[in-house]
Amino acid sequence: MSAAHQSLIYIFRGGDELPRQVLLGEKLRGFGRGNVMGPGGHREDGETDREAAIRELGEETGVIAAAADVEQVATLTFRFPADPTSDAIVSVFTAATWTGTVRASDELAPQWYDVDAIPLDRMWDDDRYWLPRILAGERLTAEFSYDDAGTRVVSHRITPTHPTDPAPPISP
Ligand SMILES: Nc1[nH]c(=O)nc2c1ncn2[C@H]1C[C@H](O)[C@@H](COP(=O)(O)OP(=O)(O)OP(=O)(O)O)O1
């Protein structure tokens with residue numbers, strides 16, 4: 001079975017005099033329930049990964065992001081040898097510009113975190129390897145294999161890269 005396509009999106013606030021913060025949240029249902037992660041989810045039929053990221057951001061947090069403000073920064077492959085049905089290819093996006101008011105949903109309890117104080121001990125084990133690098137502005141492609149319990153990374157490979165998915169043209 002081929003890996004499912006999912007998207008993750010990180011939005012920011014602050015900077016300058018205020019601490020730069022990223023919006024994360026405790027996932028309240030589904031795969032990874034109880035973990036802190038970015039808004040996101042599965043791609044629906046006919047959607048691009050970017051469109052899925054924007055839709056999930058709206059559904060889970062109420063935030064609106066324009067496609068032209070959403071940048072792909074990573075592509076991650078996750079392998080779960082004990083349960084390959086959980087294998088996933090996750091496109092990771094960031095958006096510094098967005099509108100709307102952050103609110104909770106039944107899927108995510110959003111919370112702002114300083115980018116240098118994200119709660120890695122409450123996140124997927126892989127996040128420690130790549131998320132701080134993304135938050136520091138790197139672009140990368142990475143693969144992670146999990147243990148049989150699906151909780152610990154047993155091997156990984158990270159390649160700094162420029163993703164091939166270009167931002168859509170800005171309409172006039
Ligand atoms: N290893 C990992 N590290 C990480 O940080 N986020 C991960 C991850 N593996 C999956 N995710 C994220 C990607 C995606 O946002 C989410 C998957 O959640 P779900 O399976 O609940 O998807 P959906 O929100 O589409 O669910 P439904 O709408 O209930 O089908 O988990």
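All residue numbers in this chain count up from 1 along the given sequence. Indexing begins at 1, ligand by ligand and atom by atom, following the structure's order.
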>> So if I count the atoms of ligand 1 from 1 in the order they appear, which ones are less than 4.0 Å from some heavy atom of Gly41?
In response: 14 (C), 15 (O), 22 (O), 23 (P), 24 (O), 25 (O)

> Backbone N or O of Val70 within a donor-acceptor pair of the Arg50 side chain at under 3.5 Å?
Replying inline: yes

>> Could you see if Ile89 belongs to whatever hydrophobic cluster contains Phe144? Use Ile, Leu, Val, Met, Phe, Trp, Tyr and a side-chain cutoff under 4.5 Å.
In response: no

> Can you find a heavy atom in the side chain of Leu24 that is under 4.5 Å from one in the side chain of Met123?
Replying inline: yes

> Are the side chain of Arg33 and the backbone N or O of Lys27 linked by a donor-acceptor pair below 3.5 Å?
Replying inline: no

> With atoms numbered from 1 as shown, which atoms in ligand 1 lie under 4.0 angstrom from a non-hydrogen atom of Asp127?
Replying inline: 3 (N), 4 (C), 5 (O)

> Do Ser91 and Asp49 meet the criterion of a side-chain donor-acceptor pair at a distance under 3.5 Å?
Replying inline: yes

> Relative to ligand 1, is Ser7 under 4.0 angstrom through side chain, backbone, both or neither, heavy atoms considered?
Replying inline: backbone

> Counting from 1, what ligand 1 atoms have a heavy atom of Gly40 closer than 4.0 Å?
Replying inline: 14 (C), 15 (O), 24 (O)

>> How far is atom 24 (O) of ligand 1 from the closest protein heavy atom, and which atom is that?
In response: Glu107 OE1, 3.4 Å

> Can you check side-chain contact (heavy atoms from CB on, under 4.5 Å) on Trp112 and Val102, steps first, answer last?
Replying inline: CA-CA 10 Å; Trp112 292 102; Val102 175; 3.9 Å; yes

> Among all protein non-hydrogen atoms, which one is nearest to atom 1 (N) of ligand 1, and what is the separation to 0.1 Å?
Replying inline: Asp126 OD1, 2.6 Å

> So which of Tyr146, Trp130, Trp124 gets nearest to atom 9 (N) of ligand 1, if we judge by its closest heavy atom?
Replying inline: Trp124

>> Among all protein heavy atoms in this structure, tell me which lies nearest to atom 25 (O) of ligand 1, with the distance rounded to 0.1 Å.
In response: His42 N, 2.7 Å

> Atoms of ligand 1 less than 4.0 Å from Met37 heavy atoms?
Replying inline: 12 (C), 31 (O)

>> Looking at atom 21 (O) of ligand 1, tell me if a protein heavy atom falls under 4.0 Å from it.
In response: yes

> So Tyr146 and Trp124, would you call those rings parallel, tilted or perpendicular, with 30° and 60° as cut-offs?
Replying inline: perpendicular

>> Using modelled atom types and a 3.5 Å cut-off, is there a donor and acceptor pairing between side-chain atoms of Asp87 and backbone atoms of Phe80?
In response: yes

>> If we set the cut-off at 4.0 Å for heavy atoms, which region of Gln6 has an atom near ligand 1: side chain, backbone, both, or neither?
In response: side chain

>> Suppose we measure from atom 19 (P) of ligand 1 to each protein heavy atom; which comes out shortest, and what is that distance?
In response: Lys27 NZ, 3.6 Å

